Each structure stands twice: as structure tokens, then as C-alpha cells.
Amino acid sequence: MEYNFRDIEKKWHDYWVANKIYKVEKNEKPKFYVLDMFPYPSGAGLHVGHPLGYIASDIYSRYKRLQGYNVLHPMGYDAYGLPAEQYAIQTGQHPEITTKNNIARYREQLDKIGFCYDWDREIRTCDPAYYKWTQWAFIRMFNSYYCNDKNQARPIKELADRFSVSGSEGLNVACSEELHFTAEEWNAMSGKKKQEVLMNYRIAYLGDTMVNWCPKLGTVLANDEVSEGLSIRGGYPVEQKMMRQWCLRVSAYAQRLLEGLDTIDWTDSLKETQRNWIGRSEGTEVQFKVKDSDMSFTIFTTRADTMFGVTFMVLAPESELVPLLVTAEQKKAVDEYLDRTKKRTERERISDRQVTGVFSGSYAINPFTGDSVPIWISDYVLAGYGTGAIMAVPAHDSRDYAFAKHFNLPIIPLIEGCDVSEESFDAKEGIVCNSPKTGVTPYCDLVLNGLTVKEAIAATKKYVESHGLGRVKVNYRLRDAIFSRQRYWGEPFPVYYDADNMPQMLPEETLPLLLPEVNKFLPTETGEPPLGHALKWAWDVEENRVVETDKVDYKTVFPLELCTMPGFAGSSAYYLRYMDPKNDKALVDEDIDKYWRNVDLYIGGTEHATGHLIYSRFWNKFLYDLGIVCEPEPFKKLINQGMIQGRSNFVYRIKDTNTFVSYNLKNQYEVTPIHVDVNIVSNDILDIEAFKAWRPEYHTAEFVLEDGKYVCGWAVEKMSKSMFNVVNPDVIVEKYGADTLRLYEMFLGPLEQSKPWDTNGIDGVHRFLKRMWGLFYGNGDTLLVTDQEPTADEQKSIHKLIKKVTYDIEHFSYNTSISAFMICVNELGGLKCNKRDVLEKLVVTIAPFAPFIAEELWHQLGHDSTVCDAQWPKYDDKYLAENTANYAISFNGKVRFNLELPVDMSKEEVEKVALSHENSAKWLEGKTIRKVIVVPKKIVNIVLG
RNA sequence: GCUCGAAUGGUGGAAUCGGUAGACACGAAGGACUUAAAAUCCUUUGGCUAUUGCAGCUGUGCGGGUUCAAGUCCCGCUUCGAGUACCA
């Protein structure tokens with residue numbers, strides 16, 4: 001009987017579906033939660049890169065199940081997103097329809113690969129039953145503030161109660177800006193004013209922020225959706241714009257997000273990326289008075305030790321201080337400058353880093369020296385970081401240095417022996433000099449001379465705090481997440497606006513607020529988001545339902561929010577929903593959450609390091625504060641699978657002809673390389689007939705062959721349609737079967753490494769499966785299996801395999817376990833092993849990797865239950881124990897010969913045998929022995945004089 | 001610029017605690033079976049020198065170091081990849 005993968009895979013897939021083999025429920029077994037990053041169902045379908053991580057997690061899930069765990073391994077779709085909407089704008093096709101079609105296609109492809117997902121738990125972020133809980137979480141965030149003392153989110157009502165008793169006195173909470181008011185002032189505020197004040201503290205809040213506005217996409221983007229001034233999706237220019245947007249106060253959680261990294265098992269590089277993104281920076285805030293005025297402003301610096309080197313100050317152009325500090329005679333110049341910077345896009349700012357700036361006309365007084373220093377305005381200072389104002393120390397900051405040189409401002413070096421004639425000395429090291437000696441200035445008795453930079457920073461911090469000049473401050477680079485998108489295809493906000501134009505949350509029991517129908521997916525003529533097209537998009541507070549917009553009267557009917565939520569809204573808590581996907585009373589039932597707790601193993605790409613993986617951790621910590629979930633971190637262990645790149649093939653056309661020359665002959669001609677569809681190339685050999693049929697212009701193509709073949713060139717590029725290098729998993733499954741695809745994807749190399757897709761080795765893996773099949777059937781049609789006792793060699797082979805594979809799976813080293821399978825099958829083949837005991841163990845061990853063939857063989861061996869209900873075999877060291885050990889005998893580190901010696905031989909005896917062996921004589925001749933090192937069971941190194 | 005990671009045959013990659021580098025696979029070469037092809041099986045395969053001497057030398061990006069012993073540890077570079085960037 002031949003290995004007929006097509007029949008086998010069809011048969012067992014149908015069986016698994018019909019019998020719900022992979023259905024999982026809470027039970028008394030220990031749990032294990034394995035999660036894949038769910039895909040965005042794009043129109044192109046899955047390519048071979050997508051399943052890489054899914055196969056890896058599937059292997060682990062099946063392995064854990066065989067080890068007796070109750071494994072939760074779900075799959076779903078991140079169904080909201082821009083491409084479906086862009087497609088809708090172009091074609092008028094409703095995103096819901098395209099999304100549904102794409103999901104169906106994805107599902108069909110996923111089904112072929114033999115994953116053990118419990119599809120009863122499938123979720124889609126665009127499903128109202130799902131996004132109900134996204135909206136619900138948003139309402140909870142709106143109704144919470146972050147208390148820095150308790151270090152958790154608390155109900156906003158607590159804060160309002162506090163204000164009515166003690167105002168803002170002694171407040172230590174996360175906020176957009178620091179407000180000061182008394183209880184009397186609070187109590188005297190209007191309802192609207194109170195709402196505005198509370199907005200300053202809510203975790204989900206409406207804020208006027210500088211946003212990344214992408215005119216081409218017509219929407220605001222989060223920081224992680226922008227790179228180098230271009231949108232990640234589409235690559236359109238992004239500009240800075242002040243807009244009123246929904247934001248999430250992620251920054252309140254910065255410290256916890258940072259500390260939490262120490263408690264989870266992620267790769268160092270990913271943790272490092274998150275640390276950089278959070279960007280904790282310890283520094284000092286110092287107040288500077290403005291000369292001839294009672295104004296003062298605060299700057300942030302990490303180099304407090306350089307106070308004596310300040311020669312000017314710089315404000316960000318957007319700083320609210322600018323209009324206050326500009327003098328009459330400088331007003332024109334400043335206005336011109338502000339105008340100019342406003343017009344420059346982020347992209348231009350990055351690409352040409354010219355030094356620009358303008359003098360404000362005002363001076364600040366250095367509190368340490370009493371010196372007056374000019375206040376400048378320049379766009380190299382960012383409004384959004386620190387206080388939007390800096391003290392410039394050109395000697396020790398390269399940006400300040402460039403500015404000082406350009407505008408001819410003084411430079412005062414403060415480190416002994418540093419040379420600042422050509423460039424600044426930025427390193428935080430060296431011995432401080434040039435601070436005045438005590439008594440020289442009446443302003444300051446701080447002497448830093450002779451201290452190291454580190455000591456000087458500490459001393460200055462202490463001085464600043466004790467003299468009331470400022471305070472020690474920790475800044476984070478992590479910003480609040482902008483949560484509004486001016487798009488259609490996303491979760492609607494459960495928000496309406498009252499007569500004061502203040503946002504009000506819908507009652508939780510009315511959720512979900514369904515996404516309305518619109519006839520156009522573009523912004524409205526008045527520039528409103530697409531939801532402005534909806535006929536029914538107002539809220540009746542008496543009837544608690546959506547009604548037509550023309551009924552808005554601001555008495556009982558109010559307009560609903562027109563923006564929708566961003567992509568990360570739906571993906572931030574999806575792992576929780578899988579635990580209890582059908583629950584309509586809670587996001588997740590408390591007991592069920594306590595059972596599944598959090599994700600034990602999460603597999604996905606690094607591209608989510610600063611997006612999804614930050615938001616998810618934030619979202620989870622918020623729910624943790626509310627007592628909804630029981631674990632402070634959502635993903636215990638995280639593995640980043642590498643990207644599968646495309647491997648493009650080229651043909652070489654001789655210039656101005658329709659003749660193509662084979663790769664190794666191309667240098668003899670003048671040729672143009674042309675991408676050729678990799679699906680008509682096999683092992684870099686072109687299928688000439690298929691090529692001729694590929695495009696009309698190639699019908700008459702002629703070829704210069706080598707050895708009768710046309711050899712194509714190749715290059716590693718991104719897998720994309722335009723490079724004709726997209727390989728679809730279905731094609732591989734059709735040709736070789738899913739088991740081969742699974743094994744081959746794992747065999748390609750280490751899971752975490754990026755690698756090009758290259759089918760050149762796939763035959764080897766397929767041959768291996770055929771050979772394994774051959775152990776059961778040989779060349780005939782009858783099962784060869786017998787119940788005889790396995791021999792010692794057979795035992796050794798299989799136990800060696802079990803040991804290796806167990807170790808490898810635990811370490812995600814799947815490529816080496818597949819090598820181990822190949823070795824074992826070759827050994828058993830050589831031994832003509834047909835012992836049930838051994839073959840059963842082999843089948844169970846390979847089941848996680850190649851589930852279809854394992855299931856078939858398992859049943860062939862006479863089992864009724866499926867192979868997933870088998871037990872992972874334990875290896876027994878007694879079969880692996882050796883009587884003799886192979887010693888490598890080396891002289892001065894160079895191995896000369898080998899010796900088989902009993903394992904239990906003492907070191908002294910081994911040494912004696914090695915030295916007295918006849919082969920040793922040649923190397924020992926005329927030399928003195930200085931030292932002999934014996935490593936048990938491994939090596940004897942004889943060091944000669 | 002900063003941070004992190006990597007570099008091993010013709011190719012993808014092994015080498016788990018510092019202990020015989022190149023497992024396993026692909027490709028290539030030769031052979032068996034076959035009328036032939038496919039499939040399958042066997043042999044060789046880092047380089048150099050020998051192969052009518054069974055062996056010798058060399059070898060993990062480069063230069064040093066530690067060690068009886070270094071792909072592995074330390075110092076200094078080079079190249080490539082990833083992330084991030086006027087963050088004060």
C-alpha cells in the first residue's frame with residue numbers, strides 16, 4: 001500500500017470535524033493555553049509565510065495534549081482594518097462582504113493544514129457579540145482614573161467625591177495637565193466645567209493632542225502606525241495636526257509596563273524594544289525665571305550637572321509659552337518662523353535636518369549663575385516630550401552644538417580635557433570643571449569641580465530639590481494612544497454628545513452599539529468621518545436606541561460619535577474572549593478566567609512589538625485593576641517566528657530579442673533580468689512550456705539552454721505579488737500533502753529566524769514520510785507489524801528519538817527534531833524493525849508534527865481512539881545506557897585516535913590505558929608529559945612538554 | 001547616532017555545560033535496478049596535498065587574548081539584518 005496522503009488527509013480531516021476531536025472545555029486537568037496572533041484576512045489569502053507560526057504552535061499544542069494537559073488552542077480573525085475599507089471605497093463593495101469572503105478563504109486554507117483549533121471558539125473582531133466587549137471596556141476606561149499612590153485604575157466617581165471635599169490638594173494621579181483648585185472652586189463649577197475637569201483624569205479621554213494626520217488616508221494614526229513620517233499602511237505622508245481625539249492614558253501604566261517585562265518569558269530583544277519604546281528617562285525639572293517679568297517656565301534635563309554650561313534656552317514652536325515670551329520687535333520674525341515650520345511635514349523635518357530657529361526677544365535667568373541667556377524657538381525641540389522647553393548646553397549636546405554654531409552662540413565646556421572646537425562631547429563621563437568656586441556667585445554655593453559626571457548629576461539633583469528650584473522627574477517616551485479613527489470599518493464608540501457637546505457613555509446594557517449602514521465609505525463633504533453618511537446615527541436616551549439623525553433635538557435625541565476605534569481595539573483583549581467566547585453576560589466568566597488565567601505560549605511576529613503587544617498588556621492591566629482578570633500579564637511566554645521572505649526567480653532576456661539565456665551562460669550576452677513566476681520554476685529549473693503559456697509575448701520565446709535545461713537566477717525579496725514569488729500553501733498541500741508542508745516549514749531553519757521560502761529541499765522531507773510509511777508496509781499491501789519484543793538496538797533508536805524530540809519541542813527547536821526523526825526512521829529501516837511497541841511510540845512522537853499520517857498509522861495499528869488521546873511516550877535511560885564510551889585521545893589538543901573503554905573505568909585507569917596504548921608511542925616519543933586531562937566518557941588530552 | 005541580533009561547505013542549517021566542527025537535508029558526482037525514463041537503493045562529497053602510502057595539513061567574517069582544549073568565553077574591528085531616532 002502506498003502512502004496516499006490525499007486520501008489520508010481528507011479522511012481524517014473529515015473525521016476530526018465530525019467528531020469534534022479538538023473541542024475543549026474547562027475540566028480537572030491542568031490547563032495550557034497556546035495562542036497564535038490572529039490574522040487579518042486579506043484578499044490575497046494565506047501565503048506560505050503565514051502558517052509558519054501556526055504550525056509551530058500547533059505542534060506545541062498537540063504535544064502538550066499528549067502530555068495530559070487540557071490545551072486551549074483557538075483561532076479567529078482580526079477582521080476590522082483599512083484594506084477592506086480601501087477596497088470598499090474603490091469598488092463600493094461593503095467591507096463586511098469582502099471580509100466574510102476573505103475569512104471563508106482563510107478558513108479553507110487553514111483547514112487543509114491540519115490544525116487542532118477548537119473552531120467552536122472562533123471569534124471575529126467585527127462580530128457585534130465580540131465588539132460589544134470592546135465597547136464595554138472603553139466605557140470602563142472612561143469611568144476610571146489612574147491613582148499613582150495605589151498604582152491602579154480607580155472609579156472616576158472616587159475622584160469627583162474627593163474634589164468636593166479637598167479639591168486638588170495632595171492629588172497624585174495620572175493626568176493630561178496639572179490642575180489646581182479648591183473644594184469650594186470645584187463645588188462652584190458648572191456641570192460642564194466639572195466634566196471638563198474630570199476629562200483631564202479619565203483613562204479614556206477626549207484630548208486636544210498633536211496627532212499624526214494622514215490626509216491621504218483621511219485619518220489619524222497611532223505612533224506605531226507611522227514610520228519615518230510615512231504611514232505604515234500605504235506609505236503616505238503624515239503631518240502633525242492638533243485635533244480633539246479619543247485617547248487612552250497608556251502613559252499612566254508606563255512604569256508597570258516596564259516592570260512587568262521582568263516577570264515574563266519573552267526574548268531579550270523584544271523586551272528591549274519595548275523598553276526603548278517606553279523610554280524611561282530619569283532627570284530633573286528646573287524652573288527658569290524670565291528676565292524683567294514675573295513669568296517662569298520649567299525645563300527637563302537628564303544632565304543637571306551641566307547647569308553651568310547653559311548658554312541659551314529653546315522652546316518648541318508649538319509651546320504655549322511662545323506667544324507669551326515673544327517681544328514686540330521679534331514678533332514678525334517669530335510669526336514667520338512658526339508659519340514656515342507648520343508647513344513642513346514630519347517627513348521634511350526628518351529628511352532635511354537643517355538647523356532653523358528664531359530668537360524670541362526674551363531672556364531667562366539661570367538660577368545657578370544669575371546669567372541672562374536668550375530664549376530661542378526651534379523645531380528641534382518637541383512639544384510633546386518633557387515640558388516642550390530645554391536648556392541648551394552646546395558643549396555637551398550635539399543638537400545644541402549645531403544650533404549654537406549656526407547662530408553663533410557661546411559654548412562653555414564643563415568636562416576636564418574635552419575638546420569642543422569641532423564637535424560636542426556628549427558622553428556622560430569625565431571629571432567636571434568650570435563650575436564656579438564657592439562665593440564667586442551669590443546665587444549658588446554648589447561646587448561640582450572634581451566630581452565625575454554621575455556624582456555631579458546626583459549632587460545637582462539634591463541641590464535643586466533642597467533649594468526649591470525644581471524637582472527630580474521621571475519622563476517616559478511612551479505616549480497616550482490616540483484611539484479615534486475617521487474611518488468606517490471599525491468598532492463604533494458607545495458615545496453620544498449632550499447639549500454641552502460633552503461626551504456621554506451609552507448604558508452598558510444597551511451594548512453592542514451596532515455599526516450603521518452607510519452608502520459611501522468616504523468622508524462626508526463637510527469632512528466628517530464616513531459614519532456621517534449614516535441615516536440612523538443618533539441616540540434616543542429615553543428609548544435607549546439608535547434613531548434617525550434628523551431627529552436630533554439635544555433633549556432626548558443626541559448625535560452619536562462619528563469616529564470608530566482603531567485596529568488595536570479589537571485585538572487588545574481577544575485572548576480573554578477565547579476562554580469564554582459565547583458569554584453575553586461578561587467579557588469572561590470569573591471562574592473560567594481563573595481556570596485558563598493567561599496565555600502560556602504566544603507565537604507571532606515581531607512587527608507587533610510596539611503596537612499590539614503594548615496595548616494588550618495595558619488593556620489587560622486595566623482589567624486586572626478592575627478585578628475582571630486574575631493575571632497582571634496576558635502572555636507568559638512569547639516566541640517570535642521569523643518572517644518568510646520570498647525567493648524570486650529570474651530569467652534573462654538578451655537585449656532587444658525574445659531569446660532567454662540560461663543563468664550560467666548569461667554573462668556572454670547583454671541581458672535584462674526579468675521576474676518569473678516561481679510557480680513555474682522547480683529547483684531553479686524553468687518549465688519552458690509553462691513559461692511560454694504564462695504571457696502572450698512569450699509564446700514565441702526562444703531559449704539558450706545549458707545541459708538541455710533552462711536554469712533561473714534567484715534573489716531573496718519580500719514575498720509579494722509584484723515579484724511573482726508568492727507561494728500558496730494550497731499548492732504545496734496539493735502536491736505533497738499537509739504533513740509534508742508542516743514538516744518542511746519547520747525543517748527550513750530555526751523558528752525565530754527569518755528565511756526565504758525555498759522549495760528546493762521539500763522532496764527530502766516528503767521522502768522521509770514515505771520511508772516511515774515503508775516501515776509499516778514495506779513494498780507490499782499488508783501490515784508488517786508484529787508483537788515481538790524489540791531488540792536492544794531498536795529500543796535504543798526509539799528511546800534516543802523520544803529523548804531528543806521531547807527536549808527539542810520544549811526548546812522550540814523543531815528543525816533538529818525532524819532530523820532526529822529522519823535518523824531514527826533510517827535506523828529502524830536498516831534494522832528492518834516491525835515491532836509494534838517501537839512503531840507505536842514512533843507514531844505518537846510524530847503526531848504533533850505530521851498529524852494526518854500519524855492518525856492513519858495509529859488506526860492501522862488497531863486503535864479505535866484518535867492518536868491525540870494517546871500518551872506522550874517516556875524515554876527510558878536504561879535503553880540508552882552504554883557499556884563502553886568512545887574516548888578521543890588527543891595530544892596537545894589535537895585528536896589522534898579513538899578508544900572504546902568501559903564507561904565505569906576510573907580516570908586514572910583511562911589515563912593509564914591511553915598512555916600505554918601502542919598508538920600513543922608515536923606522539924610520546926622523545927617528549928615529556930606535562931599534564932593529562934581526562935574528561936569522563938569524552939576526551940583524554942595529553943599535554944606534552 | 002543609539003539598542004539588539006547574526007556571520008559555520010555549492011545551499012538550508014547541526015554542534016544542549018568550553019571537549020572529535022560540518023549532524024540532518026538539498027544539490028552535485030559515480031554506481032545498481034530498468035529497453036528507457038520516473039521511482040527506489042548504494043557510494044563519495046569543506047579545502048589543499050596524497051591517494052599503487054591506509055595518511056598529513058588546514059579550516060567556523062577579521063585581528064588579538066584566556067585555556068590542556070575556543071564556532072562557543074574576553075578585548076578590539078568588519079560586514080549584514082532588525083528596531084528606534086532631533087526624547088534634551
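All chains are named by letter (A, B, ...) in the order of the sequence lines, taking the proteins before the strands, and each is independently numbered beginning at 1. Treat the numbers as computed from the prediction; the structure is a model and nothing was measured. Both backbone and side-chain heavy atoms feed into the values below; hydrogens, waters and symmetry mates do not.
- Counting any heavy atom pair closer than 4.0 Å across all strands shown, A:R479 reaches a base atom.
- Rounding to whole angstrom units, OH of residue A:Y380 and P of B:rG1 are separated by 21 Å.
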Checklist entry - So A:Y777 and A:E2, side chain to side chain donor-acceptor pair (under 3.5 Å) or not? Walk me through it. => result CA-CA 8 Å; A:Y777 286 98; A:E2 268 196 17; over 6 Å; no
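- As judged by a 4.0 angstrom heavy-atom cut-off over every strand, A:P750 is placed among residues touching the sugar-phosphate backbone only.
- Rounded to whole Å, the distance from CD on A:E423 to P on B:rG1 is 12 Å.
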For residues 937-945 of chain A, run the donor-acceptor check on the side chains, cut-off 3.5 Å, and write out each pair with its distance to 0.1 Å, sequence neighbours left out.
from	atom 1	to	atom 2	distance (Å)
A:N941	OD1	A:S890	OG	2.8
A:N941	OD1	A:G893	N	2.9

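- Sparse packing is recorded around CE of A:M643, with 12 or fewer heavy atoms of other residues, nucleotides or ligands lying under 6.0 Å away.
- Using a 4.0 Å heavy-atom cutoff across all strands shown, A:N826 reaches sugar-phosphate atoms only and no base atom.
- For A:R477 and B:rU84, the shortest distance from a side-chain N or O to OP1 or OP2 is not below 4.0 Å.
- Using a 4.0 Å heavy-atom criterion, one finds that A:F747 contacts the bases of the nucleic acid, with or without backbone contacts as well.
- Between the CG atom of A:N815 and the P atom of B:rG12 there is a distance of 14 Å, rounded to whole Å.
- Here the P atom of nucleotide B:rA25 and the CG atom of A:L769 are 13 Å apart, to the nearest Å.
- Heavy-atom contacts from other residues, nucleotides or ligands closer than 6.0 Å to NZ of A:K796 number 12 or fewer.
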Item to check | Where protein sits on nucleotides 15-22 of chain B, one letter per nucleotide: B base, S sugar-phosphate only, - none, heavy atoms under 4.0 Å | outcome: -B--BB--
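- Nucleic acid contact for A:R930: none, since no nucleic acid atom lies under 4.0 Å from a heavy atom of the residue.
- In this structure, CE on A:M772 lies 5.5 Å from CG on A:L842, to the nearest 0.5 angstrom.
- Heavy atoms of A:S269 sit under 4.0 angstrom from primed sugar atoms or phosphate atoms, though from no base atom.
- A centroid separation of 6.0 Å or more is found between the aromatic rings of A:F5 and A:Y736.
- Residues satisfying the side-chain contact (heavy atoms from CB on, under 4.5 Å) criterion with A:D265, sequence neighbours excluded, are A:K637.
- The nucleotide whose nearest atom lies closest to any side-chain atom of A:R767 is, among B:rA88, B:rC26, B:rC41, B:rC26.
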